[in-house]
Amino acid sequence: MWLLLLRFLPRVDGHLSQASGAGASTPGLTPRLALGWGLTFTVVFASFLLIPYLGAFMVGNVGLSLTDLPWVYLAGARPRS
């Protein structure tokens with residue numbers, strides 16, 4: 001597997017060998033970069049809104065006992081009954 005990866009994947013430091021002249025500049029805030037930051041913020045913000053209510057939902061609606069609730073936070077899934 002390692003030999004195949006070494007053969008077909010490009011070098012990670014390939015950008016360092018390019019000439020650092022007038023054409024090479026650090027990109028500013030591009031639309032794709034702004035979209036990436038916006039989507040990352042949205043996912044993190046949604047997590048802050050949902051995660052605090054997971055315990056109440058699992059106990060009240062799913063029927064999980066309070067003694068099993070720490071396993072939900074540890075494993076991130078409902079334990080099998």
Side-chain angles (χ1 to χ4, degrees):
M1 181 59 102
W2 283 103
L3 294 175
L4 288 173
L5 291 174
L6 285 172
R7 169 71 175 103
F8 291 107
L9 288 179
R11 292 183 54 92
V12 179
D13 61 352
H15 67 285
L16 297 175
S17 64
Q18 295 176 353
S20 61
S25 65
T26 304
L29 185 65
T30 62
R32 290 186 66 164
L33 185 62
L35 177 65
W37 278 106
L39 291 175
T40 302
F41 171 78
T42 304
V43 168
V44 170
F45 187 72
S47 298
F48 282 124
L49 290 176
L50 293 175
I51 290 173
Y53 297 105
L54 283 178
F57 172 78
M58 295 292 271
V59 171
N61 294 340
V62 179
L64 190 70
S65 68
L66 282 174
T67 58
D68 290 335
L69 193 57
W71 293 108
V72 172
Y73 286 113
L74 180 67
R78 180 175 178 220
R80 297 179 189 251
S81 307

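In this chain, numbering begins with 1 at the start of the sequence shown. Here the structure is a predicted model, which is why all the values come from computation and not from measurement.
A continuous path of hydrophobic side-chain contacts links L66 to F57 [ILVMFWY only; heavy atoms under 4.5 Å]. Follow the hydrophobic side-chain contacts under 4.5 Å out from M1 and you never reach F8; the two are in separate clusters. Residues L50 and F41 do not share a hydrophobic cluster, defined by chaining ILVMFWY side chains whose heavy atoms lie under 4.5 Å apart. L35 and V43 fall into different hydrophobic clusters, where Ile, Leu, Val, Met, Phe, Trp and Tyr side chains are chained together by heavy-atom contacts under 4.5 Å.
Interatomic distance, D68 CG to Y73 OH, rounded to the nearest 0.5 Å: 13.0 Å.
Contact annotation: the side chain of V72 approaches that of L64 to within less than 4.5 Å [non-hydrogen atoms, C-beta and beyond].
For the side chain to side chain donor-acceptor pair (under 3.5 Å) condition, no pair includes a residue of residues 53-64, sequence neighbours left out.
Not counting sequence neighbours, the partners of T67 by the side chain to side chain donor-acceptor pair (under 3.5 Å) test are S65.
Of all the heavy atoms in S47 and P52, the pair that sits closest is O-CD, 4.1 Å.
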